[in-house]
Enquirer: 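First the structure, then my questions, so here it is.
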Amino acid sequence: MGFISAIVNNFIGYDLVIVGFAVGNAIIYFLTKNELARMNELIHKTSDLSLGDSSEGHVVALGHNDLVAIKKARKRTNLCYSIFVNIISIFPLLGLLGTVISLIFTAGNVGLEATQQYFMMSLTSTFWGMIFAITYKIMDAFISPKIEMLNNDAERTIVKRDV
């Protein structure tokens with residue numbers, strides 16, 4: 001029970017900063033997924049139209065607006081994904097910063113109880129930093145192959161049409 005109460009007690013302090021970054025990164029993750037779906041729709045919808053079925057005799061070429069839309073979608077998707085991935089790398093650093101801040105406060109105190117409190121605070125910030133880093137790395141493992149695949153599809157579509 002001491003572990004859970006320590007986490008809850010320290011949640012209001014520095015740990016709230018880490019949780020704030022986690023909530024922000026969750027929002028960015030869902031924005032990335034939405035942009036990814038939009039890019040997928042643009043690439044495959046326009047690719048299907050542009051390739052057509054020659055047996056039916058209708059081949060629709062991609063227009064300039066289609067290419068611009070694909071390029072913009074790819075840019076937005078990659079920007080969201082880049083922010084998402086970079087925030088993942090910040091979580092261990094935030095945990096370490098919380099640890100250092102807590103240990104600095106510990107050095108200034110002479111009481112055993114205050115020292116224990118700051119030491120526990122240092123451990124909980126490290127805990128949250130690691131938990132969110134691991135969680136978001138797992139989420140990244142599901143989205144990064146899709147990003148890479150769609151970037152390749154977009155590049156083929158754009159290069160094929162720009163030639």
Side-chain angles (χ1 to χ4, degrees), residues 1-46 65-158:
M1 191 64 181
F3 177 72
I4 293 174
S5 66
I7 289 175
V8 171
N9 289 338
N10 293 327
F11 186 78
I12 302 300
Y14 182 78
D15 295 349
L16 194 57
V17 172
I18 297 172
V19 172
F21 270 92
V23 169
N25 209 30
I27 292 168
I28 293 169
Y29 176 78
F30 288 111
L31 286 173
T32 303
K33 285 191 68 124
N34 286 339
E35 292 297 332
L36 189 61
R38 183 179 298 145
M39 188 168 92
N40 184 41
E41 182 180 316
L42 283 169
I43 291 170
H44 292 109
K45 176 182 172 186
T46 54
N65 291 341
D66 296 324
L67 293 175
V68 169
I70 291 171
K71 288 177 184 179
K72 284 183 179 180
R74 182 171 67 168
K75 184 177 180 180
R76 283 190 312 265
T77 303
N78 288 332
L79 175 65
C80 289
Y81 181 67
S82 177
I83 293 169
F84 171 72
V85 169
N86 283 302
I87 290 176
I88 292 172
S89 66
I90 291 174
F91 284 113
L93 297 173
L94 288 172
L96 184 60
L97 180 62
T99 301
V100 170
I101 289 170
S102 297
L103 292 177
I104 288 171
F105 287 132
T106 302
N109 282 306
V110 291
L112 181 61
E113 190 173 312
T115 301
Q116 287 175 335
Q117 178 186 356
Y118 285 122
F119 186 71
M120 186 56 74
M121 189 167 64
S122 74
L123 293 177
T124 60
S125 67
T126 304
F127 170 78
W128 285 117
M130 298 301 283
I131 289 297
F132 288 123
I134 291 167
T135 300
Y136 283 120
K137 275 309 261 184
I138 291 169
M139 292 168 71
D140 180 37
F142 288 102
I143 198 170
S144 64
K146 295 174 186 176
I147 295 280
E148 186 175 340
M149 181 188 69
L150 281 179
N151 273 324
N152 290 338
D153 290 351
E155 188 64 30
R156 278 194 302 271
T157 301
I158 291 167

Enquirer: What is the minimum heavy-atom distance between Pro92 and Ile88, and which atoms define it?
Expert: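 Shortest heavy-atom separation between Pro92 and Ile88 comes out as CD-O, 3.5 Å.
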
Enquirer: Using a 6.0 Å cut-off, check whether atom OH of Tyr136 has over 12 heavy atoms from anything other than its own residue.
Expert: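 Result for OH/Tyr136: enclosed.
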
Enquirer: Write down the atom of Phe91, the atom of Ile18, and the distance for their closest heavy-atom approach.
Expert: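 In terms of heavy atoms, the two residues are closest at CE2-O, 3.6 Å.
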
Enquirer: Of the non-hydrogen atoms in Leu103 and Phe119, which two are nearest, and what is the gap between them?
Expert: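 Taking Leu103 first and Phe119 second, the nearest heavy atoms are CD2-CD1, 4.1 Å.
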
Enquirer: Any chance you could measure Met121, atom CE, to Thr126, atom OG1, to the nearest 0.5 Å?
Expert: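 Result: 11.0 Å between the selected atoms.
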
Enquirer: If you measure from CG on Leu16 to OG on Ser125, what distance do you get to the nearest 0.5 Å?
Expert: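 One gets 13.0 Å once the value is rounded to the nearest 0.5 Å.
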
Enquirer: Take a 6.0 Å sphere around CE of Met130 and say whether it holds more than 12 heavy atoms from other residues, nucleotides or ligands.
Expert: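 Atom CE in Met130 is not crowded, with 12 or fewer foreign heavy atoms closer than 6.0 Å.
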
Enquirer: For the atom pair NZ (Lys72) and CG (Asn65), what is the distance rounded to the nearest 0.5 Å?
Expert: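 Taking NZ in Lys72 and CG in Asn65, the distance rounds to 9.0 Å.
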
Enquirer: Decide yes or no for Met139 and Ile143: does some side-chain heavy atom of the first lie under 4.5 Å from some side-chain heavy atom of the second?
Expert: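 When only atoms from C-beta onward are counted, Ile143 and Met139 do not touch, as no gap falls below 4.5 Å.
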
Enquirer: Quick one: closest heavy-atom pair of Asn78 and Asn151, and the distance?
Expert: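 Nearest heavy atoms, Asn78 then Asn151: OD1-ND2, 2.9 Å.
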
Enquirer: Any side-chain heavy atom of Thr32 sitting closer than 4.5 Å to one from Ile147?
Expert: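 A side-chain contact under 4.5 Å exists here.
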
Enquirer: Report the C-alpha separation of Glu41 and Arg38 in whole Å, then their side-chain angles, then the decisive distance to 0.1 Å, and conclude whether the salt bridge (Lys or Arg N to Asp or Glu O under 4.0 Å) test is met.
Expert: CA-CA 5 Å; Glu41 182 180 316; Arg38 183 179 298 145; over 6 Å; no

Enquirer: Okay, side chain of Tyr14, backbone of Thr99: is any donor-acceptor separation there less than 3.5 Å?
Expert: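 No; judged by distance alone, with no hydrogens or angles, the pair does not exist.
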
Enquirer: Quick one: pull up NE2 in His44 and CE in Met39 and give me the separation to the nearest 0.5 Å.
Expert: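 Reported value, rounded in 0.5 Å steps: 9.0 Å.
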
Enquirer: So among Asn86, Val85, Ile83, which one has a side-chain contact (heavy atoms from CB on, under 4.5 Å) with Ile28?
Expert: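 One option only clears the test, and that one is Ile83.
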
Enquirer: Do you know the tightest heavy-atom contact between Ala154 and Ile70?
Expert: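 Reported closest heavy-atom pair: CB-CG2, 4.0 Å.
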
Enquirer: So how far is it from Ser122 OG to Leu97 CG, rounded to the nearest 0.5 Å?
Expert: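 Here the interatomic distance stands at 12.0 Å.
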
Enquirer: Kindly determine whether Asp15 and Phe127 satisfy side-chain contact (heavy atoms from CB on, under 4.5 Å), including the steps that lead there.
Expert: CA-CA 9 Å; Asp15 295 349; Phe127 170 78; over 6 Å; no

Enquirer: Using side-chain contact (heavy atoms from CB on, under 4.5 Å), reason through Arg74 and Glu155 one step at a time and then give a plain yes or no.
Expert: CA-CA 9 Å; Arg74 182 171 67 168; Glu155 188 64 30; 2.7 Å; yes

Enquirer: How about Tyr81 and Asp140: do any of their side-chain heavy atoms sit closer than 4.5 Å?
Expert: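 Yes; the side chains approach each other to less than 4.5 Å.
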
Enquirer: Can you tell me how far the CG atom of Asn25 sits from the CD1 atom of Ile87, to the nearest 0.5 Å?
Expert: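 Reported to 0.5 Å precision, the distance equals 4.5 Å.
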
Enquirer: Indicate the ring-plane relationship of Phe132 and Trp128, choosing parallel, tilted or perpendicular according to the 30° and 60° boundaries.
Expert: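 Rings of Phe132 and Trp128: parallel, as their planes differ by under 30°.
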
Enquirer: Write down the atom of Leu36, the atom of Leu150, and the distance for their closest heavy-atom approach.
Expert: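 Here Leu36 and Leu150 meet closest at CD1-CD1, 3.3 Å.
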
